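So the structure is just underneath, and the comments pick up after that.
The shown structure was predicted, so the numbers you read here are calculated from the model rather than taken from an experiment. Below, chains carry the letters A, B, ... as their sequence lines are ordered, and counting in each starts from 1.
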Amino acid sequence: MLDKKYNFLEKEKKWQDYWQEKQIFKFDKNSKKPVYAIDTPPPTVNGKIHMGHLSSYMHIETMARHHRMKGENVFFPLGFDDNGLPTERYVEKKYNKRAFELDREKFTDMCLETTKELEKEFHALYKSAGFSCDLDNNYSSISKRSQAISQKSFIELYKKGLIYHQEAPALWCTECRTAVAQSELENQDIASTFNYIKFFIEGTNEYVTVATTRPEMLPACDCVFINPKDEKNLYLLGKKLVVPYFNFTVPVLTDELVDLEKGSGVVMCCTFGDTVDKEWQRKHNLEIKEAFNNAGRMTKLAGEFEGMKIKDARLAIIEKLKENDLLIKQEELTHAVSTHERCGTPIEIVVKKQWFIDVLSHKQELYDAGMKLNWHPETMRARYLNWVENLQWNWCISRQRYYGVPFPVWYCKHCGKVHVADESELPVNPLSKLPTVKCECGECDWEPEHDVMDTWATSSLTPQISTDLITGKGLDDTMIPMSLRPNAHDNIRVWDFYTIVKSLYHFGKLPWTDLMISGYVTSADGSKLSKKSGNNKNAPQDIIAQYSADVTRYWANNLSLGKDTCFSLESFDAGKKLANKIWNASKFVLSFLYDYTPRQIDLLPMDKWILEKYKKVFKSFAKNLDRYDICLGLGEAEKFFWDFCDDYIELVKRRLYNPDVYGEKECESAKYACYYTLLGILKMFAPFMPHITEEIYQDYYAEKENQVSIHVSGYLNLGEAKDENFVKAGDEVMQIVSGIRQFKSENKISLKTFIKDLKVSSKYKDFIKLCEVDIKAVGSINNLEVEDGDFKLEFGEIIPDAE
RNA sequence: GGGAGUUUAGCUCAGUUGGCUAGAGCAUCUGCCUUACAAGCAGAGGGUCAUAGGUUCGAGUCCUAUAACUCCCACCA
């Protein structure tokens with residue numbers, strides 16, 4: 001028997017423990033069932049999960065449980081992305097220490113310890129949310145196994161010539177003191193000044209005006225460009241200009257990229273103020289001058305400004321220009337500046353030897369991959385394609401950091417040749433073990449690579465890392481493509497893109513068939529929730545404790561895929577109501593079924609009608625979920641359930657209560673329909689509200705159906721709906737009931753107040769006649785007369801209630 | 001500048017390949033303690049589906065233009 005009230009705190013915990021104990025969600029290696037493999041997003045371990053992450057995981061959950069209910073062998077691993085810069089930054093903040101101030105090993109230990117703590121919290125949260133990941137199949141991106149796979153990927157791509165080591169301009173963060181990739185950039189509007197300064201023509205008193213936002217780059221000035229079509233400035237060609245204040249001369253060159261409209265049409269080129277400078281340096285083979293170092297401090301080149309921070313030097317230099325009458329005017333402006341997403345520091349371009357994965361020469365293949373994948377929602381395809389089209393940098397995978405997967409690489413100190421590790425020795429830390437083989441040059445003196453890999457160089461291998469848990473084959477494509485890659489839209493250009501790159505480069509295959517892209521949950525003011533910013537008032541664990549995991553899941557699954565939504569507690573009320581209703585309706589229906597075992601009998605029309613309706617609804621429900629139209633599927637199940645309660649149960653409850661008045665057979669017919677309709681409904685709700693449905697199922701159905709859990713019991717498929725007319729006729733009966741209710745409401749009388757006569761006109765006369773008893777019972781009608789015709793109700797006298 | 005999304009009831013949002021009278025929750029109003037549920041039930045009011053054109057027998061849905069808001073990318077001289 002079900003409790004009078006459903007205590008979710010107690011029950012949810014109970015079933016979570018039960019599922020774990022019975023290993024309900026374990027992937028079955030030996031099964032012949034179709035595999036549904038999910039490339040679970042391993043959360044970056046750098047803080048707390050918020051409602052946005054949680055909602056995204058709840059979408060995944062629904063799909064995992066849906067496919068399990070369809071009888072598929074669901075592979076739903078659990079992962080953590082716990083290496084790399086995000087974690088380092090988190091640890092640096094937590095201990096208020098910079099990594100480069102600490103011993104490398106000590107810092108790594110601090111990272112490992114911190115991630116362990118955080119992962120425990122994540123685990124607890126996952127469990128309390130009722131996640132059905134396979135706890136035995138979990139991975140972490142810093143584990144030895146992941147490192148080995150990641151290093152093997154590096155070696156393979158290096159040998160294929162897709163990875164190269166080169167001294168080339170790379171995006172650089174002076175705060176984190178490392179190279180970063182294009183995908184780690186963020187735009188920020190930053191207030192600045194446009195400075196018009198004087199470049200004197202050598203040996204004259206004439207000057208040209210050059211506008212710049214970065215006067216601190218003057219010491220690194222290589223030349224000045226004009227547009228070859230810019231007639232008013234052509235006279236400058238062949239002349240030398242004096243760099244103001246720093247007093248060295250530079251040539252005047254021409255290039256089509258110079259914008260005639262902007263500033264004075266005369267541009268200074270430095271190494272490197274922006275991406276155009278980078279282009280010009282390459283194209284015109286200009287000298288590379290470093291005005292600042294890796295930590296963002298001015299170099300010797302800057303003379304008296306040496307040691308100053310970039311920003312301070314800018315102001316100091318402007319002051320000097322002013323003092324020396326070299327500054328003509330200043331204009332305030334706000335412009336978008338590329339900053340590092342982890343710390344918000346403006347990104348510089350710095351030349352240093354870095355490891356790159358070539359993506360620019362494979363743009364077309366990468367684009368085609370985006371065309372072949374199934375995106376849910378479809379509009380997200382455009383975001384991917386847009387990103388690929390706009391790629392400008394090869395993927396820089398080396399980071400001048402500490403906590404990450406090391407490169408399996410040493411350099412010969414004599415000839416500089418690269419030596420990569422043998423695959424048999426992976427994972428390897430080049431710092432702790434030098435090769436014993438001789439270099440081709442004959443020497444045996446190796447320098448280990450100190451850099452570590454970008455965190456994405458490893459997490460782009462989650463399909464391989466996770467399926468390795470099953471196959472044990474490491475970097476392998478046996479289970480590739482997986483069925484689903486789920487993530488939020490911010491990760492399309494990062495995780496999705498890089499995973500596609502790796503899968504194509506290694507196997508020439510797509511990593512998955514489908515992508516499910518969630519939107520953001522924003523706070524009430526529309527700002528994005530993030531682990532970094534503090535707008536995290538509604539912590540997931542608090543919400544779950546207050547509303548239950550089931551209700552939270554209901555909320556999440558009502559969000560449209562790919563769409564950003566404001567977080568609001570109001571929307572939890574509907575879920576609360578639904579859970580309450582499921583409980584009460586089940587309690588009521590089951591109270592008639594405890595001594596009942598279903599057997600095939602002839603059903604009364606309305607009992608057949610509800611089963612026919614179920615067939616129709618279920619078919620469409622399953623179709624919607626198969627298409628990742630989660631909220632449509634849920635909505636359908638919900639609508640059907642509510643109709644089942646308010647219409648069907650109301651209609652037959654007198655038959656259930658009083659078999660002596662309405663007949664044993666009539667009662668059994670209702671029981672049969674109730675048994676299967678409720679079962680079907682519970683199963684449809686099971687992916688969304690796994691706990692409450694399990695509690696009800698275990699109370700009654702588990703034994704009857706001989707199943708260990710509703711979640712592996714399969715959907716109730718009663719076959720095709722046959723007779724459309726039959727459904728329509730039943731609907732017309734419900735319309736009569738509805739008409740009776742409306743009549744009573746308008747007359748402000750109780751629903752149980754009797755009406756003497758009701759005359760019904762309908763084209764389903766015969767069907768309605770068969771339902772006479774039900775209609776009279778639910779409507780408290782004494783006499784019912786039915787005739788052929790267009791739908792019409794005529795009410796007779798109201799019989800006052802007896803005192 | 002390139003790309004995408006959004007605009008539907010007072011509020012938050014559904015609305016699938018175009019198809020009966022555009023739906024739900026919340027809020028408002030009316031009635032009902034009906035042998036599951038008052039955290040309930042029954043009913044009512046509330047919409048020129050952003051605007052203007054077009055295609056079609058038929059448009060919230062498709063096309064064109066416009067407006068407002070949001071996001072992604074580029075723009076750093």
Quiz prompt | Ser762(A): partners by side chain to side chain donor-acceptor pair (under 3.5 Å), with sequence neighbours left out | solution = Glu732(A)

Practice problem: Scan nucleotides 5-15 of chain B nucleotide by nucleotide, 5' to 3', and note B when protein non-hydrogen atoms come under 4.0 Å of the base, S if they reach only the sugar-phosphate, - if neither. | Solution: SS------SSS

Practice problem: Report the residues that fulfil side-chain contact (heavy atoms from CB on, under 4.5 Å) with Lys619(A), sequence neighbours left out, ordered by chain and then residue number. | Solution: Glu720(A)

Quiz prompt | Contacts of Tyr384(A) that satisfy ring pair (Phe, Tyr, Trp, His ring centres under 6.0 Å) - sequence neighbours left out | solution = Trp375(A)

Quiz item: Looking at residues at least two apart in the chain, or sitting in another chain, which of them share a side chain to side chain donor-acceptor pair (under 3.5 Å) with Tyr675(A)?
Solution: Glu705(A)

Exercise. Please list every stem that involves RNA chain B, where a stem is a run of 3 or more consecutive Watson-Crick or G-U wobble pairs with both pairing distances under 3.5 Å.
Key: B:1-7 with B:67-73, B:10-13 with B:23-26, B:28-32 with B:40-44, B:50-54 with B:62-66

Exercise. Kindly write out the residues that satisfy side-chain contact (heavy atoms from CB on, under 4.5 Å) with Asn584(A), not counting sequence neighbours, or none if the list is empty.
Key: Asn580(A), Lys587(A)

Exercise. Can you sort out the partners of Ser56(A) under side-chain contact (heavy atoms from CB on, under 4.5 Å), two or more places apart, ordered by chain and number?
Key: Ser518(A)

Quiz item: What residues form a side chain to side chain donor-acceptor pair (under 3.5 Å) with Gln546(A), not counting sequence neighbours?
Solution: none

Quiz item: Looking at residues at least two apart in the chain, or sitting in another chain, which of them share a ring pair (Phe, Tyr, Trp, His ring centres under 6.0 Å) with Trp393(A)?
Solution: none

What are the atom names and distances for every N/O pair under 3.5 Å that joins the protein to nucleotides 74-76 of chain B?
| from | atom 1 | to | atom 2 | distance (Å) |
| --- | --- | --- | --- | --- |
| A74(B) | OP1 | Gln182(A) | NE2 | 3.4 |
| C75(B) | OP1 | Thr275(A) | OG1 | 3.1 |
| C76(B) | O2' | Thr213(A) | OG1 | 3.1 |

Practice problem: Please list, chain by chain and in numerical order, all residues satisfying side-chain contact (heavy atoms from CB on, under 4.5 Å) with Lys198(A), sequence neighbours excluded. | Solution: Phe200(A), Tyr207(A), Asp325(A), Leu326(A), Ile328(A)

